[in-house]
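Ligands are counted one by one from 1 in listed order, and the atoms in each one are counted from 1 as well. The first residue of the sequence shown is numbered 1, and numbering continues consecutively from there. Note that this is a predicted model, so its numbers are computed, not measured.
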Amino acid sequence: MIIVTGGSGKVGRACVRDLMEHGYKVASIDMVRPAGLSNPPKPTDVNFTRADITDFGEVMAAFSGINTRVEEAVTGVVHLGAIASPGEAADHVIFEVNTVSTYNVFEAARRLGIRNIVWASSETVYGIPYPGGPQYVPVDEEIELPQWSYSLSKLMGEKMAEQFARWDAQAKIVGLRFSNVQEPQDYANFPAYQKDPRSRHFNLWTYIDARDAAQAIRLSLESKLTGAHVFGIANSDGVMTQTNDELLDEVFPGTKRKRPLEPHESLISIEKAQRMLGYKPQFDWRKAK
Ligand SMILES: NC(=O)c1ccc[n+]([C@@H]2O[C@H](COP(=O)([O-])OP(=O)(O)OC[C@H]3O[C@@H](n4cnc5c(N)ncnc54)[C@H](O)[C@@H]3O)[C@@H](O)[C@H]2O)c1
């Protein structure tokens, strides 16, 4: 049994579907009921608990209660519940909700002996919206340059993960720095981006298909790693038809290249995830119907 916080959200829906399609039993914890859940639930429905993950007692009760309702041990937690972007609440509220809920999830898992945790960090840790340009490209996991309370909350999550992993040498806590998440219907917007290089420069013209985000989550759950790890997760290509060098020269002139760039490769490095998780993005907006 895998617990998914935020299972009703954009990434959560794709993750729950992907895990169930790969034979996992899944319990979703969210404040919002999943769309299409039957009453009473069908055996094929996701197991759902409504809980506020900013409340430690609710997280403990939900995590431990699942074991009593479903006769299968919890073997992993996917933590996606959050205020998912800057501007969705006041800055201090975003910081508080995201850091406290991440602490609660890590701590409840530790107390319950769940040692397999995957959680959503964010591409914003690389320095979005890049005032003065990115430090170098492709941006990679070495960079920690949060510019907003939202990104700071994600960096705090990465730092907490390091400490929680230090307290238990057998624990695995994988943070995935997702690019901007796209669902299939979002690809209809991509042609319009081509008119203006500044339409998507805020995140270096990258994206992640929700289904590939789900793949990265599943591979992280299944990986034999221990300790705290962070991975950049994007699709292989960028959103623009202009080349990376043309885009950078126009919008961020003088940007340092760590190596010569492929014309349309993701400017978020996914090399570490490919090497250590076997991550292989399956979707490409250029081929979307
Ligand atoms: N969407 C993106 O472009 C993007 C990019 C990078 C990282 N992320 C991260 O990925 C994760 C998932 O993002 P998403 O796009 O699916 O967001 P979303 O807003 O679609 O889903 C978030 C879910 O969390 C739930 N939630 C929020 N606060 C909660 C609380 N206190 N208790 C219980 N549930 C709560 C919401 O009800 C929602 O269903 C988030 O951690 C987000 O920060 C998202």
*Take Glu183 and Arg13 through the test salt bridge (charged side-chain N to carboxylate O under 4.0 Å, His left out) and record every step on the way to the result.*
CA-CA 10 Å; Glu183 293 181 301; Arg13 291 189 295 272; 3.1 Å; yes
*So with a 6.0 Å cut-off around CD of Glu58, is the heavy-atom count from everything else above 12?*
yes
*Assess whether salt bridge (charged side-chain N to carboxylate O under 4.0 Å, His left out) is satisfied between Asp249 and Arg257, documenting all intermediate values.*
CA-CA 11 Å; Asp249 289 346; Arg257 275 77 157 162; 3.2 Å; yes
_Ring centre gap for Tyr150 and Phe95 strictly below 6.0 Å_ = no
_Test side chain to side chain contact (heavy atoms under 4.5 Å, CB included) applied to Ala90 - qualifying residues, sequence neighbours left out_ = His92, Val93
*Only one of Thr226, Ile117, Val118 clears side chain to side chain contact (heavy atoms under 4.5 Å, CB included) with Ile173; which?*
Ile117
*asked:* Please output the residues near ligand 1 using a strict heavy-atom distance under 4.0 Å, listed in chain and residue-number order.
replied: Gly6, Ser8, Gly9, Lys10, Val11, Asp30, Met31, Val32, Ala51, Asp52, Ile53, Thr54, Leu80, Gly81, Ala82, Ala84, Ala120, Ser121, Ser122, Tyr150, Lys154, Phe178, Ser179, Asn180, Val181
